[in-house]
Amino acid sequence: MPFLSADEWTAVALSLQVSLWATAASLPFGILVALVLARGDFPGKQILNGLVHLPLILPPVVTGYILLVTFGRRGPVGAFLEEQLGIVLAFRWTGAALAAAIMAFPLMVRAIRLAIEAVDPKLEQAAGTLGASRVLVFATVTLPLILPGIIAGAVLAFAKAMGEFGATITFVSNIPGQTQTLPTAIYAFLQVPGGEASALRLVLISVAVAMTALIVSEGVARLVARRIRGT
Amino acid sequence: MPFLSADEWTAVALSLQVSLWATAASLPFGILVALVLARGDFPGKQILNGLVHLPLILPPVVTGYILLVTFGRRGPVGAFLEEQLGIVLAFRWTGAALAAAIMAFPLMVRAIRLAIEAVDPKLEQAAGTLGASRVLVFATVTLPLILPGIIAGAVLAFAKAMGEFGATITFVSNIPGQTQTLPTAIYAFLQVPGGEASALRLVLISVAVAMTALIVSEGVARLVARRIRGT
Amino acid sequence: MSLSVAVTHRFPGFSLDVAFEAPAGVTALFGRSGSGKTTLVNAVAGLIRPDTARIAVNDTVLHDSDAGVWLAPHKRRIGYVFQEGRLFPHLSVSANLAYGGWFAPRGAVEPGERERVVAMLGLGALLDRRPATLSGGEKQRVAIGRALLSAPRLLLMDEPLAALDDARKAEILPYLERLRDETDIPVLYVSHSVTEVARLATTVVSLRDGRTTRVGSPAEVLADPRAVPTLGIRDAGAMVSAVIRRHAEDGLSELDGPGGPLLLPRIAAPEGTRVRVRIHAHDVILAREAPAGISALNVLKVTVAAVRAGEGPGMVVQLDAGGERLLARITRRSARALEIAPGLACYAILKSVAIAPEDIWIAGGEETGAS
Amino acid sequence: MSLSVAVTHRFPGFSLDVAFEAPAGVTALFGRSGSGKTTLVNAVAGLIRPDTARIAVNDTVLHDSDAGVWLAPHKRRIGYVFQEGRLFPHLSVSANLAYGGWFAPRGAVEPGERERVVAMLGLGALLDRRPATLSGGEKQRVAIGRALLSAPRLLLMDEPLAALDDARKAEILPYLERLRDETDIPVLYVSHSVTEVARLATTVVSLRDGRTTRVGSPAEVLADPRAVPTLGIRDAGAMVSAVIRRHAEDGLSELDGPGGPLLLPRIAAPEGTRVRVRIHAHDVILAREAPAGISALNVLKVTVAAVRAGEGPGMVVQLDAGGERLLARITRRSARALEIAPGLACYAILKSVAIAPEDIWIAGGEETGAS
Amino acid sequence: RAEKAGAVTVFAAASLKTALDEVAALWRNETGVEVVVSYAGSSALARQIEAGAPADLFISANPGWMERLEAAGLLRAESRRDLLTNAIVLIGHGPDVAPVTLSPDLDLAGLIGDGRLAMALVDAVPAGIYGKAALETLGLWDQVAAKVAQADNVRAALALVAIGEAPFGIVYATDALAEDRVSVAARFPADTHPPILYLAARTAESASPKADALLAFLRGPAAMTVFERHGFSPAP
Ligand SMILES: Nc1ncnc2c1ncn2[C@@H]1O[C@H](COP(=O)(O)OP(=O)(O)OP(=O)(O)O)[C@@H](O)[C@H]1O
Ligand SMILES: Nc1ncnc2c1ncn2[C@@H]1O[C@H](COP(=O)(O)OP(=O)(O)OP(=O)(O)O)[C@@H](O)[C@H]1O
Ligand SMILES: [Mg+2]
Ligand SMILES: [Mg+2]
């Protein structure tokens with residue numbers, strides 16, 4: 001393939017893999033945290049809210065560094081995960097997914113939270129009177145109603161994950177074939193004089209992938225919204 | 001002041017200035033674009049949608065680079081703005097605000113868009129029958145109802161602007177007192193031996209500022225939402 | 001002519017095809033659940049854009065699909081009381097009421113009107129509240145007030161009184177009558193209540209499965225024995241007109257009615273006023289001879305005009321009373337016993353108190369001598 | 001006892017303080033808009049948590065603020081027909097109807113019940129639709145169906161029939177009666193319609209400004225001349241019981257009533273069945289002598305028990321008919337003319353057709369020999 | 001607002017920050033002329049100068065970017081000079097890593113074990129480029145290529161070793177000097193890689209009359225004392 005080198009293809013595939021996993025794996029947590037923030041009322045709520053927004057506020061390098069000292073092999077959580085569960089994040093694509101997920105988390109949570117806040121609690125009450133417990137009300141009423149918000153959150157997260165660079169490279173470095181994602185490759189090209197053309201190629205790929213995801217998701221979201229509205 | 005140097009104070013002040021301006025100045029556009037994306041139905045809609053998400057998808061360096069070649073003094077738009085309107089963005093705080101605004105734009109738009117999509121069109125119809133034109137319906141019904149979404153979008157944008165680094169340093173450099181924001185200052189400290197302590201100080205400042213904004217805005221949003229719900 | 005409507009529209013599984021012309025006053029839309037009333041009202045409001053339509057109010061064309069005319073809803077100046085409230089949740093009751101006025105031409109809302117409407121609807125104590133915590137009936141009253149105070153050229157009311165108790169209805173109906181009689185704002189009024197329709201309507205449009213089944217004055221539509229199945233047997237009745245002769249001290253008004261004097265509970269209108277009285281078919285007793293020593297005060301000389309057997313044990317007898325039509329519903333057994341047949345002269349007996357105040361009203365428009 | 005409620009709750013500007021005990025059957029909540037009906041129902045449903053409460057259904061305590069007992073709404077197994085629909089917009093009509101069944105104990109919804117309810121409510125053609133495009137009445141019918149099909153231990157119905165036309169009401173009311181008579185599910189029923197209340201209720205609780213004004217059987221509450229101001233004069237009336245003697249071929253049923261035979265439109269119940277008949281005060285004519293040659297078939301021998309002057313030209317006469325009470329509303333003028341006074345023996349005349357089918361019902365529970 | 005009158009604006013590679021800040025303070029004391037330094041990656045700074053940035057001096061950590069600007073006529077050719085050199089070192093985690101001898105025989109891969117060798121981006125960032133060249137010269141690259149973890153800058157590579165995530169790394173001598181948690185295992189001979197040069201030049205657009213003086217001052221003894229204290233050497 002003349003357009004992209006083998007390494008570059010790997011980077012494309014890896015970026016997709018990382019972004020999809022980052023989105024998919026963080027979605028349940030995103031929904032949970034959004035639910036807690038939208039509906040909960042407990043002392044530490046503002047702290048949780050702040051924590052969720054932190055990756056947005058901090059320079060990505062700092063987030064990456066914090067991840068490194070926490071989830072690295074020497075980090076308290078990283079060591080635990082490795083010893084107890086055999087999960088290694090450092091220098092692996094899994095770590096890249098973690099970094100992308102964390103960076104995208106505030107976006108995902110905010111979208112889902114807004115959707116939850118727009119659900120009419122009267123419908124949930126009605127479901128309650130019909131015998132559904134809180135969990136079942138959530139599963140049968142809230143969740144379907146916030147689906148467009150969940151899709152929006154997932155798309156934002158996916159797009160962000162596709163573009164995430166600073167935290168990822170700080171946390172898992174750039175190992176071709178393992179942690180080299182598109183943004184890292186693009187960054188590398190931009191560091192050397194004359195690398196712009198190569199960078200542009202990768203940018204185009206990245207944009208194409210993300211745009212496809214975007215358009216598909218818009219279509220799905222529209223369909224879902226129409227089904228909900230029932231028209 | 002022993003805790004922060006004069007340059008650092010300047011960076012704090014500049015970060016605030018840049019983030020506030022980025023948020024405030026992009027808000028009208030954010031609302032407009034969100035409205036168009038939520039309610040419009042025109043051929044180029046998916047392209048606009050993609051464009052809005054672009055800064056999320058691209059590595060920030062690329063966004064910064066695009067800004068540099070477009071809005072720089074030699075860039076087509078930059079040159080036009082400078083000659084025709086006397087507006088210089090390149091290497092000014094205004095450029096930093098532009099970069100932050102663009103990077104934060106997708107977050108802002110998505111939050112507002114979700115809020116708009118949650119507004120019951122039946123209420124807008126009711127306002128229409130009572131004589132309000134589309135613009136007035138928007139001003140008197142839609143806008144007040146999406147206020148919590150607007151606040152959420154603005155807060156996300158502000159937080160993002162406070163943390164924005166890659167596009168800013170690429171577009172307007174890191175000139176103390178002019179374009180050096182907290183994240184770029186943090187970056188510079190992290191590039192040299194022994195800079196970590198200084199970087200940490202700035203990180204704490206940055207977190208404190210953004211958290212304050214976050215908590216205040218949550219309070220305001222809650223108040224507004226309660227007023228809207230009318231309980 | 002005041003309201004001219006011709007609309008066709010298809011939904012999957014339902015099609016609307018309605019055309020009628022109604023003079024000034026209240027046009028009642030009457031029909032069962034799902035017969036297309038709200039759809040039609042929405043078309044008049046401009047909220048749905050029907051497949052084909054010609055809708056005109058007082059010579060203003062709102063929509064003419066052939067001519068390509070379509071007026072946006074906000075230019076139609078309608079006050080629409082929706083079937084489901086649609087109050088603005090972010091505005092206080094007071095701002096909800098004022099909302100329409102913000103966009104109406106200056107001076108279009110008469111000074112003092114607001115206070116009158118607020119008092120009539122009993123909203124005084126609610127003005128600073130927001131819709132979310134209002135009771136069902138309170139919401140509905142605010143919605144009525146909001147529409148009334150928007151200085152509309154056309155009022156659309158979709159079951160406005162359904163959520164209200166009788167006492168509250170009794171306070172609102174006279175206001176709507178005044179509106180009908182004193183302004184020339186046409187009203188399109190959806191209701192399931194025959195009493196409301198008979199009392200308010202100038203024209204009744206009866207819908208069934210998206211088609212017009214009858215259009216006419218309430219006297220025609222509601223006194224037509226053939227309308228009985230549509231209306232439901234309990235609501236059959238006729239309207240007669242009478243002139244108030246004098247108000248007696250014992251709280252009764254004596255009227256010159258068709259076929260004889262009528263005694264009714266005191267009517268709040270000056271002597272000489274022409275009123276219309278709705279007489280339910282099931283309230284009329286027929287007698288071969290003028291009875292004596294009974295509490296019913298009204299005995300009218302009538303002639304049987306037609307007899308129509310219904311389902312079940314009852315039949316509907318159309319009576320001619322001094323040129324006006326009355327309906328009586330009696331059992332077959334009685335009809336046989338009394339040998340009721342067209343041409344028979346007999347007496348119609350009617351209790352004064354059987355006529356509810358909401359069944360008596362000041363005849364609107366041209367005929368009236370009342371204020 | 002079946003439903004025991006004692007609730008106090010304060011909103012800014014409104015306070016609720018209600019306590020009553022109701023036996024099995026339908027307890028009607030009756031009161032003007034804003035009198036606290038929905039608030040009370042919400043407290044029973046567990047949707048608001050009142051300041052103090054003791055609420056028990058069939059010995060299950062739902063809420064006892066003193067004892068710190070509070071059952072979550074989903075554990076109360078209630079079928080709540082809300083005043084404003086609250087259908088699930090993302091579910092089809094069919095799934096809305098099935099929703100409650102998903103959480104009910106297995107087998108709690110009888111097989112075939114779903115089809116019966118769908119047929120009764122006329123929802124067959126709507127099953128695949130989503131609520132957004134339903135008409136107002138269609139939505140309300142789905143809401144009723146959803147509550148009925150949730151296999152509830154307690155039904156709460158907040159003006160369930162307000163949005164429906166009379167024909168549809170007439171189809172649903174018998175179902176609710178059957179529910180009342182054949183199951184022991186207690187029903188708390190909010191309505192503005194005296195007819196509905198009189199027909200369905202075992203117990204009537206009348207509310208005013210958040211306070212109970214009367215609690216009792218419909219016969220007591222609705223036949224009490226003192227209740228007339230609360231009810232509205234038009235709705236005063238009494239209930240008498242009678243036993244079906246035979247069904248005549250001409251569509252009438254002959255009954256043994258208080259003070260004589262009663263002829264009523266055919267009642268769908270076997271001979272021997274005891275029924276209750278609501279007789280509106282304004283439908284009763286009094287006569288000094290038994291009249292002849294009139295279409296009214298029912299002439300009861302009665303004795304005047306009490307006379308009560310109302311406001312206006314009318315008065316309410318309480319009559320004793322073979323030990324049961326009847327109310328008649330006549331004008332003062334007639335009362336004077338007939339020299340009505342306590343102790344007077346006279347005749348009450350009543351048209352068969354003046355008794356609407358919804359005013360006749362099979363006496364529930366212990367007294368009946370009917371199925 | 002630091003549109004300070006007569007200030008000289010320097011665009012400098014970020015790795016010079018500590019040292020250059022000190023030098024700038026000296027100059028400020030000596031002349032009373034303000035210096036404003038914008039620290040960023042050489043690539044970003046060079047592109048900004050291409051876009052017309054208001055820089056008087058450009059200090060690049062990499063000859064490539066300097067050459068590109070020069071070719072574009074954006075520099076005053078006569079002002080360009082080599083300013084400083086640095087060295088790259090192999091570092092290990094911990095205060096007392098056993099020294100190694102860099103030769104083709106070295107079992108560097110074995111030393112690293114299942115860990116990683118932390119470097120800056122080997123094809124993009126100068127420290128990485130130099131490190132890779134040195135390893136190639138020494139015939140060690142093929143051994144370790146698969147074990148290299150590339151950070152986006154040399155400081156991040158240092159951090160990886162400092163916190164022990166990577167047992168070894170290749171960074172500038174200046175970086176190793178200031179970090180207690182790492183120690184130098186070997187210093188790469190200068191001839192194993194292209195010269196590590198920090199270059200300085202005055203931009204073509206520079207209008208500040210003091211720019212030349214500052215450029216001279218940077219190469220002066222006072223400045224060099226500071227640079228050397230931070231581990232840099234004067235360029236030959
Ligand atoms: N959250 C609240 N805050 C303040 N007032 C309230 C609140 N909820 C209800 N109210 C008031 O309490 C009163 C009783 O309300 P409720 O909904 O129980 O009335 P209702 O009897 O159901 O009337 P309707 O027949 O109109 O539905 C009303 O005046 C209402 O405005
Ligand atoms: N968007 C739609 N798609 C399909 N069917 C629709 C749509 N909107 C309305 N209908 C159907 O059209 C019919 C007429 O609806 P409409 O709301 O006009 O009835 P209505 O006469 O107002 O009834 P109600 O008295 O119950 O409010 C109903 O059967 C309804 O289900
Ligand atoms: Mg309707
Ligand atoms: Mg209510």
Side-chain angles (χ1 to χ4, degrees), chain C residues 11 13 31-34 38 83-84 125 133 135-138 141 158-159 162-168 170 192 232 234-235 248 250-252 263 265-266 282-283 285-289 291 293-297 312-314 328-336 338 340 349 351-354 356, chain D residues 11 13 31-34 38 83-84 125 133 135-138 141 158-159 162-168 170 192 232 234-235 248 250-252 263 265-266 282-283 285-289 291 293-297 312-314 328-335 337-338 340 349 351-354 356:
Chain C
F11 288 124
R32 294 195 56 174
S33 168
T38 302
Q83 200 172 0
E84 0 73 69
T133 61
S135 83
E138 286 164 352
R141 277 138 63 194
D158 198 348
E159 303 200 33
L164 300 182
D165 52 286
D166 292 342
R168 185 62 71 184
H192 288 307
R234 298 282 313 156
D235 286 311
D250 59 2
L252 294 177
L263 284 170
R266 171 76 61 107
H282 62 75
D283 282 335
I285 294 177
L286 293 183
R288 298 288 303 237
E289 273 149 52
I294 65 165
S295 63
L297 292 172
R329 198 150 70 80
I330 61 176
T331 58
R332 273 175 227 255
R333 186 178 294 197
S334 302
R336 215 172 33 240
L338 300 184
I340 302 288
I349 304 170
K351 290 189 65 167
S352 300
V353 293
Chain D
F11 288 124
R32 294 195 57 174
S33 168
T38 301
Q83 200 171 0
E84 359 76 66
T133 62
S135 82
E138 287 164 351
R141 278 139 61 194
D158 198 349
E159 302 199 33
L164 300 181
D165 53 286
D166 292 343
R168 186 60 72 185
H192 288 308
R234 299 283 310 158
D235 287 312
D250 59 2
L252 294 176
L263 284 169
R266 170 76 60 104
H282 62 76
D283 282 335
I285 294 177
L286 293 183
R288 296 291 301 238
E289 272 149 51
I294 64 165
S295 65
L297 291 171
R329 199 149 69 82
I330 62 175
T331 57
R332 273 176 226 252
R333 189 180 290 197
S334 302
L338 301 184
I340 301 289
I349 304 169
K351 290 188 67 166
S352 300
V353 293

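Treat the numbers as computed from the prediction; the structure is a model and nothing was measured. A note on names: the letters A, B, ... follow the listed sequences, proteins ahead of strands, and every chain is numbered from 1.
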Checklist outcome for this item: If one checks every heavy atom of D/Ala162 against chain C at 4.5 Å, the contacting part turns out to be both
Item to check | Partner chain C: residue of D/Ser33, D/Ser135, D/Gly137 with the largest heavy-atom pair count (under 4.5 Å) | outcome: D/Ser33
Item to check | Sidechain-backbone polar pair: C/His192 side chain, D/Ala163 backbone, donor-acceptor under 3.5 Å | outcome: yes
Checklist entry - Checking D/Glu138 against chain C: side chain, backbone, both or neither under 4.5 Å from a heavy atom? => result both
Checklist entry - Are any non-hydrogen side-chain atoms of C/Glu84 and D/Glu84 less than 4.5 angstrom apart? => result no
Checklist outcome for this item: Rounded to the nearest 0.5 angstrom, the CG-CG distance for D/Leu252 and D/Leu263 is 6.0 Å
Checklist entry - Where does D/Ile285 contact chain C at under 4.5 Å (heavy atoms): side chain, backbone, both or neither? => result both
Item to check | Residue C/Leu338 versus chain D: region with a heavy atom under 4.5 Å | outcome: side chain
Next on the checklist: Rounded at 0.5 Å granularity, tell me how far CD in C/Glu159 sits from OG1 in C/Thr38.
Outcome noted: 7.0 Å
Checklist entry - Contact part of C/Ile340 toward chain D, heavy-atom cut-off under 4.5 Å: side chain, backbone, both or neither? => result neither
